[in-house]
Amino acid sequence: MPEITNIVILTGAGISAESGLATFRGPDGLWEGHRVEDVATPEAFARDPSLVQAFYDARRARLKSAEPNAAHRALARLDAEWPGELLIVTQNVDDLHERAGARRMLHMHGELKSAWCLGCDARMRWEGDLGDHPACPECGAAGRLRPDIVWFGEMPYEMERIDGALMQSDLFVSIGTSGAVYPAAGFVQTARHYGARTLEMNLDPSLGSYHFHESRIGRAGELVPMWVEEVLGSS
Ligand code: OAD
């Protein structure tokens, strides 16, 4: 393996599939007949807030019985042991990376366990439901809390930091994402443009698979621990 120092890792729903969390676009990817694009937009929330809250309340409740899997644990080990720069960018709104122990990470699409008050603009940790119109603990307004999730048409979080890390990276790794949603789907091109080697690990080739120098096809729970062994062995 060529000399590497700076690693950026992008993860998607596929890394949490073996923890029992449904992906968005797989065979189990419809939620009560709704496509994700029909519930994950500001327009959907304006049209039918109860439906959108119920979608995220169900996903937040499901987190309670989901545990990090071997892929999350392997990335947490890499985070703890990798001597160079590392950034794990997840599109996932679950908390399985941090529960596995990863620290050098960020949630570009927000988090299920965060609520955002449209009344006072505060963001706060949130474990329970939002569909029952709880009052905001900060300003007291009722029914103004929404999931702190980046919906279609909204700007993902921390893009400047991500772009900076991609430009500096010499290895970009994409794990468990279909490559259907931008800007994350374009990270491989940015990283390559600035000279990084690129690797994807996914159950099926992603939509942008041809952009990667290397594709490993299989389950994240098997591929990621093997890859982490390789990388730490070479450092
Ligand atoms: P998708 O559901 O689009 O894609 C999941 C990918 O994971 C697919 O390519 C699967 O083949 C792969 N996969 C499934 N099981 C796997 C396993 N055990 N090991 C490895 N790969 C596996 O999910 P994302 O690409 O994450 O956005 O979706 C991107 C965004 O679309 C999400 O962040 C979400 C959604 O709209 C927002 O919520 C804003």
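Along the sequence shown, the residues carry numbers beginning at 1. Owing to the predicted nature of the structure, the values given are computational and were not obtained by experimental measurement. Counting convention: from 1, in listed order, for ligands and their atoms alike.
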Indicate whether the side chain of [X] and that of [Y] have a donor and an acceptor atom separated by less than 3.5 Å.
X: Glu67; Y: Ser19; answer: no
X: Glu85; Y: Thr5; answer: no
X: Asp121; Y: Trp116; answer: yes
X: His72; Y: Arg99; answer: no

(Q) Measuring from atom 9 (O) of ligand 1, which candidate in Ile217, Thr90, Asn202 has the nearest non-hydrogen atom? (A) Asn202
Enumerated ligand 1 atoms positioned under 4.0 Å from heavy atoms of [X]:
X: Val181; result: 29 (C), 30 (C), 31 (O)
X: Gly12; result: 26 (O)
X: Asp204; result: 10 (C), 11 (O)
X: Gly176; result: 5 (C), 6 (C), 7 (O), 21 (N)
X: Ala220; result: 17 (C), 19 (N), 20 (C)
X: Arg219; result: 19 (N)
X: Gln91; result: 29 (C), 33 (O)
X: Glu18; result: 17 (C), 18 (N), 19 (N)

[Y] side chain reached by [X] side chain, heavy atoms, under 4.5 Å:
X: Met108; Y: Glu158; answer: no
X: Phe187; Y: Thr177; answer: no
X: Val188; Y: Ser174; answer: no

Q) How does Ala13 reach ligand 1, if at all, at less than 4.0 Å between non-hydrogen atoms: by side chain, backbone, both, or neither? A) both
Q. With a cut-off of under 6.0 Å to the ring centre and 45° to the axis, is Arg62 in cation-pi contact with Tyr56?
A. no
With only distance considered, is [X] within less than 3.5 Å of ligand 1 through an N or O on each side?
X: Gly179; value: no
X: Leu203; value: yes
X: Thr177; value: yes
X: His109; value: yes

Q) Thinking salt bridges, do Glu214 and Arg216 make one under a 4.0 Å N-O criterion? A) yes
Q: For Trp151 and ligand 1, answer yes if some heavy atom of the residue is under 4.0 Å from a ligand atom, otherwise no.
A: no
**Q.** Heavy atom of Gly218, distance to ligand 1 below 4.0 Å
**A.** yes
Q) Which word best sums up how the rings of Phe45 and Trp151 line up, parallel for under 30°, tilted for 30 to 60°, or perpendicular for over 60°? A) tilted
